[in-house]
Amino acid sequence: MRAFSYERAKSPREAAAAVAADPTARFIAGGTNLLDLMKLEIETPARLVDVNGLKLDEIAPTKDGGLRIGALVRNTDMAADKRVRKDYGVLSRALLAGASGQLRNKATTAGNLLQRTRCPYFYDTNMPCNKRTPGAGCSAIGGFTRTLAVLGASEACIATHPSDMAVALRLLDAKVETVTPDGTERSIPIADFHRLPGDTPQVETALARGELITAVTLPKPIGGTHAYRKVRDRASYAFALVSVASVIHKDGSGRIALGGVAHKPWRVEAAESALPRGARAISEGLLAGARTTSQNAFKLTLAERAIGAALAQARA
Amino acid sequence: MAILDDLQLSRREVMATGAAIGVATVPAAADAASGQPSIMKVSFTVNGQRQTLELDTRTTLLDALREHLKLTGSKKGCDHGQCGACTVIVDGRRINSCLSLAVMHEGDEVTTIEGLGSPEKLHPLQAAFVRHDGYQCGYCTPGQICSAKAVLDEIKAGVPSHVTADLTAKIQFSEDELRERMSGNICRCGAYSNIVAAVAEVAEGKA
Ligand SMILES: Cc1cc2nc3c(=O)[nH]c(=O)nc-3n(C[C@H](O)[C@H](O)[C@H](O)COP(=O)(O)OP(=O)(O)OC[C@H]3O[C@@H](n4cnc5c(N)ncnc54)[C@H](O)[C@@H]3O)c2cc1C
Ligand code: SF4
Ligand code: FES
Ligand code: FES
């Protein structure tokens, strides 16, 4: 790990300004992704700004009947919150399907959203990777692609976003609240928060340099049966091959979002009108334009079947 | 034993010398951009004892415990959050001490396996692990026991898990709940079934 100086942020605005002014500075929250990557020298900040003391760890109701979840709320606390469990079950379920008890005790709302890909070549510093070194080339294309993207990928990068929580947030139409270095506040719809790789896979979100996430807000509850089905290589403590977040209403209508298939949580609202006609029907629109390799084509079948299982669970 | 004592002594000397050089030559506000290590003071409580350390900011909580405080019960398996051997309890919650910086624990209360019980007075979980042979090589055991202690507290506090059938109902202990909640602790000897038996015995009050 490279040497770095460490300081505790005093206010969200000062933290944002400090990181914006110093290209070598980074925020640190739970540290479970950043420190992992710093040990491998994939991330090499020379200055860490600790945001844990900023009192962004509350969950509070919003004026319009939703919930505002602070950026520093631990994943365990979000999943265990009574209001989240009752009204946003898919979010609790997605969080509880991720990582381990120990990691969820440290992992934060913002850190989880900003965790980086688990592409094996991104982690292998001996191999070229456009995310680590823009322009270096992508080792995954033509390589080991079983876990990688089948939707929305580019010639520059076929990585997936590994977060489970983000898939549920996408389903629920959450918004990401931030404070920019000049002190202004922004609210970014989750659909626009994560980016597709295009030819700049190193740019992963809509955040500006130094922009600090302060909270995530959920609109008022939408009812329905909530589920998060995660298919992985072992029963627990593994990243998703494919995951399905779903809210299904009595009349068969609802929403579906997928994890493990793209550089961002994957949802196609226009395809959702086909949901009452079953898994095959919605999959046609949801998975349209997929590009697969012989190693990851199974993800399309798996996604359709996992959606089918979610529909059956909602009917039961 | 003599060899072990020598080893420990020499390692302690090396550590002490290393730290002294670090403190003497590096100014308080180290210029990290130039690659110089940055040294900071941090105080926290470990197993009830107040500790103050001067550490390179890069030092993880795990390395602070093992290398600086000589509490070698907590183990380093992977150093990347993947195995749970380094699990300790901080302010009542289990965490992977390998993925946490020591300087981020100012004022915290840390409990390690050494603080749960002693050879003379074992914690009920420690005694149950002995009774049920909840290990083979024992490397993962301190992490397993710290994790299990926190798991039982999490169930009492009503924290749900991936296998909890009804998110709105009261959480009950079961072996399925235990297996899911302990999935962050890998045992390469595969002592899992005896670990489950040991923890279940304590959870169900039979210990
Ligand atoms: C072994 C292992 C297994 C895992 N399995 C899963 C899994 O199955 N599913 C899953 O979803 N996740 C999984 N994870 C990832 C885990 O969820 C993330 O590491 C965690 O959510 C990151 O949160 P953090 O607070 O620790 O982030 P940090 O490591 O502190 O930060 C991550 C990034 O976010 C930035 N950041 C932090 N806070 C803010 C803020 N307020 N504003 C702006 N930027 C900020 C940091 O600068 C950094 O770039 C796993 C991790 C490990 C190590
Ligand atoms: S898929 Fe993306 S992250 Fe993986 S090697 Fe290619 S550029 Fe890097
Ligand atoms: S050493 Fe910390 S999880 Fe493996
Ligand atoms: S007892 Fe050997 S690793 Fe668990």
Within the 4.5 Å heavy-atom criterion, are [X] and [Y] side-chain neighbours or not?
X	Y	answer
Gln102(A)	Asn185(B)	yes
Val84(A)	Leu167(B)	no
Asn96(B)	Leu103(A)	yes
Asn105(A)	Glu154(B)	yes
Leu40(A)	His80(B)	yes

Where [X] and [Y] come nearest, the two heavy atoms and their spacing:
X	Y	value
Gln36(B)	Ala3(A)	O-CB, 3.3 Å
Arg93(A)	Ala165(B)	NH2-O, 3.0 Å
Thr57(B)	Phe4(A)	OG1-O, 2.6 Å
Arg85(A)	Ile171(B)	NH2-CD1, 3.9 Å

Going from [atom1] on [X] to [atom2] on [Y], what distance comes out if it is rounded to the nearest 0.5 angstrom?
X	Y	atom1	atom2	result
His162(B)	Tyr228(A)	NE2	OH	10.0 Å
Arg58(B)	Lys39(A)	CZ	NZ	12.5 Å
Ile186(B)	Ser100(A)	CD1	OG	9.0 Å
Ile95(B)	Lys106(A)	CD1	NZ	5.0 Å

Residue [X] versus chain B: region with a heavy atom under 4.5 Å:
X	value
Arg2(A)	backbone
Ala79(A)	backbone
Asp50(A)	side chain
Leu48(A)	side chain

Other residues, nucleotides, ligands: >12 heavy atoms within 6.0 Å of [X] [atom1]:
X	atom1	value
Arg232(A)	CZ	yes
Gln49(B)	CD	no
Arg209(A)	CZ	yes

Quiz item: Does Arg93(B) come within less than 4.0 Å of Asp77(A), counting only side-chain N to carboxylate O?
Solution: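 Here Arg93(B) pairs with Asp77(A) in a salt bridge, since their nearest N and O are under 4.0 Å apart.
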Quiz item: Who in residues 106-119 of chain B is close to chain A, using a strict under-4.5 Å heavy-atom cut-off?
Solution: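 Residues of residues 106-119 of chain B touching chain A at under 4.5 Å: Glu106(B).
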Pick whichever of [options] has the most heavy-atom pairs under 4.5 Å with chain A.
options	answer
Val159(B), Val163(B), Asp79(B)	Asp79(B)
Thr60(B), Val90(B), Thr164(B)	Thr164(B)
Ala150(B), Ala157(B), Gly84(B), Ser100(B)	Ser100(B)

Self-check item: Donor-acceptor contact below 3.5 Å, side chain Tyr237(A) vs main chain Gln82(B)
Solution: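 Yes; judged by distance alone, with no hydrogens or angles, the pair exists.
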Quiz prompt | Backbone of Ser183(B) reached by a side-chain donor or acceptor of Ser236(A) within 3.5 Å | solution =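 Not confirmed, Ser236(A) side chain does not pair with Ser183(B) backbone.
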Quiz prompt | Structural part of Leu101(B) lying under 4.5 Å from a heavy atom of chain A | solution =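 Both parts, backbone and side chain.
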Practice problem: Walk me through it: do Ile28(A) and Met104(B) pass the test side chain to side chain contact (heavy atoms under 4.5 Å, CB included)? | Solution: CA-CA 10 Å; Ile28(A) 185 163; Met104(B) 291 176 78; 3.9 Å; yes
